[in-house]
Amino acid sequence: MTVSIEKETEQTRPALDTVWTWLESLNDPEIPVISIIDLGIIRNVAWSGDTLEVDVTPTYSGCPATSFIAQDIEALLRKRGIIDLRIRKILSPPWTTEWLSAKGRVQLEKYGISPPQSSGRPRCCPLCGSTDVIKVSEFGSTPCKAQWRCRTCLEPFDYFKCI
Amino acid sequence: MAQEPAYFEFLCRMGDNALVLGHRLSEWCGHAPALEEDIALANTGLDLIGEAQLWLGLASDVEDRGRTADDLAMGRDVWDFRNHLLTEQPNGDFGQTMMRQYLFDAWHVCLLDALCDSSQAHTAEIAAKTVKEARYHLTRSRSIVIGLGDGTSESHRRMQTALDRLFPYVGEFFETDSIDRAMTASRIAPDPNSLKDPYLETIRSTFLDATLCVPEQEFYLSGGKTGRQHSEHLGHLLTQMQWLQRAYPEASW
């Protein structure tokens, strides 16, 4: 099966829309409910001659997930038959939580992570919906999250930092 | 580029500050007074080590002699490090660590803000990326310095002791040498001294809220960023940080 796909794609360059669809299937390793597209870290996909170029930007400069994501992208595209591949790490313009898609925000909240708000605080507790929430710490289990607590259901929850 | 050796030196200064302070913060992992603070210190350290990778990666490209960012971080000895003395000072208690962090963050944000306009695109890009993280660090360290300074008599005493101990290292931020002059002339970086007044104004306002007295002294210690003389603490730090790479050269995973 794999062999026939490789053969086929060797002859035709897959359309960029197709590549975007493939990438949509890859999730953030730390937040497995959100795709790397909805996270806003794939900045561009383009053909440069016969080389497929994928531009990836890190969320946080020290985030260890960045290199795993690059490996996942490479593994996926190789499986899809892409032979000449260049994954470029792009710093500018810097990633911002504004690039999280609307779909991604809904998925985060369903998963129990309160999505980022420009007000700098969660809209409500993702577990019970109460707005009576307090900050526990500016930092949480990954570089992109802070810890908050709901005073109604008393549960702690993650809040996606707004940067 | 005519100023390449100076540019390399400048990038090592940027990278080493982030690397050494990032490592210092990692020493708290598993020891902080509360779990949330433990996680916060480790995350701040992680951001700084990520920043160090960017600056030292660029330094490696500029030098173009085959030394990677890892080689620079793990293969140089004390005399080749270019971090400010403040960043290598021991952690002390939690208050001292947060005072060191605040004094650094306030300067770091001033400098990175200015570097966003650097004539060197790569430097401007790294600054624009990392200033967002630095601002986040500053928000936290500032609120903790105020909370502990204007807290109990014990926390106030400890924060004042920390400020008195660390303030003599602040002056080195604003010292200007031939490397800085070369960077200023080519509009790569601002004159360090130009950051002094805005910085002092920022920290005075914080310390007023924290009910802490800023020492009225002009004397300061220096020698870290030029590599002329580090404090004894850096060597001890490197024995921990570089142990694996020195015991097993070229180890990787």
Side-chain angles (χ1 to χ4, degrees), chain A residues 29-31 40-41 43-44 55-71 88-100 113 116-121 133-149 155-163, chain B residues 14-15 18-19 21-23 25-26 28 32-58 69 98 101 105 112 116 118 120-144 253:
Chain A
E30 294 284 351
I31 314 169
I41 60 170
R43 302 316 302 159
N44 197 28
D55 292 352
V56 187
T57 196
T59 51
Y60 285 82
S61 42
C63 186
T66 312
S67 56
F68 287 104
I69 290 170
Q71 283 174 21
R88 301 193 303 180
K89 186 175 165 184
I90 301 290
L91 281 186
S92 181
W95 178 81
T96 156
T97 35
E98 282 169 26
W99 292 345
L100 277 170
I113 301 171
Q117 305 290 338
S118 53
S119 62
R121 52 178 293 130
V133 293
I134 54 163
K135 183 168 66 189
V136 178
S137 171
E138 272 101 346
F139 290 89
S141 54
T142 64
C144 57
K145 288 179 279 179
Q147 294 176 71
W148 284 65
R149 185 169 60 233
E155 290 292 328
F157 64 89
D158 279 334
Y159 166 62
F160 209 97
K161 284 153 59 174
C162 188
I163 69 161
Chain B
M14 295 303 296
L19 177 65
L21 186 58
H23 183 81
L25 292 175
S26 78
W28 273 105
L35 181 60
E36 291 76 11
E37 296 311 326
D38 201 291
I39 290 170
L41 288 163
N43 268 298
T44 309
L46 182 65
D47 283 346
L48 287 170
I49 289 168
E51 180 183 338
Q53 284 177 327
L54 296 175
W55 291 122
L56 295 180
L58 183 53
M98 291 315 299
Q101 195 62 35
D105 290 341
L112 292 175
C116 290
S118 172
Q120 279 291 326
H122 291 308
T123 284
E125 279 184 4
I126 295 174
K129 174 75 193 163
T130 54
V131 74
K132 299 171 81 168
E133 295 163 14
R135 279 202 201 102
Y136 199 86
H137 302 162
L138 177 61
T139 305
R140 172 172 175 273
S141 60
R142 180 176 184 275
S143 79
I144 290 182
W253 76 69

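Letters A, B, ... mirror the listed sequences (proteins, then strands); counts begin at 1. Just so you know, these numbers use all the heavy atoms, side chains as well, and skip hydrogens, waters and symmetry mates.
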For this session: Might you point out which heavy atoms bring A:P94 and B:A128 nearest each other, and give the distance in Å?
Result: CG-O, 3.6 Å

Exercise. What option among B:L54, B:I49, B:L41 has the most heavy-atom pairs under 4.5 Å with chain A?
Worked result: B:L54

For this session: Return the set of residues passing side chain to side chain contact (heavy atoms under 4.5 Å, CB included) with B:H122 (not counting sequence neighbours), or none when no residue passes.
Result: B:L58, B:E125

For this session: Check ring-ring contact (aromatic ring centres under 6.0 Å, His included) between A:Y60 and all other residues, then give those that pass, not counting sequence neighbours.
Result: none

Exercise. Where on A:Q147 is there a heavy atom nearer than 4.5 Å to chain B: the side chain, the backbone, both, or neither?
Worked result: side chain

Exercise. Can you name the closest pair of heavy atoms from A:P64 and B:L46 and give their distance?
Worked result: CD-CD2, 4.1 Å

Exercise. More than 12 foreign heavy atoms under 6.0 Å from CZ of A:R43: is that the case here?
Worked result: yes

For this session: Output every pair passing side-chain hydrogen bond (donor to acceptor under 3.5 Å, both in side chains) with a member in residues 45-58 of chain B, not counting sequence neighbours, ordered by first then second residue.
Result: B:D47-B:H137, B:E51-B:W55, B:E51-B:H108

For this session: Return yes if some donor-acceptor pair links the side-chain N/O of B:K129 with the main-chain N/O of A:T59 below 3.5 Å, else return no.
Result: yes

Seminar exercise, completed: Applying a strict 4.5 Å limit to non-hydrogen atoms, the region of A:T96 in contact with chain B is both

Exercise. Looking just at side-chain N and O atoms, do A:S61 and B:E133 make a donor-acceptor pair shorter than 3.5 Å?
Worked result: yes

Exercise. How long is the gap from NZ on A:K145 to CG on B:N43, to the nearest 0.5 Å?
Worked result: 10.0 Å

Seminar exercise, completed: A:F139 and B:T44 have their tightest heavy-atom pair at CZ-OG1, 3.6 Å

Seminar exercise, completed: Under a 4.5 Å heavy-atom criterion, the part of residues 155-163 of chain A in contact with chain B comprises A:K161, A:I163

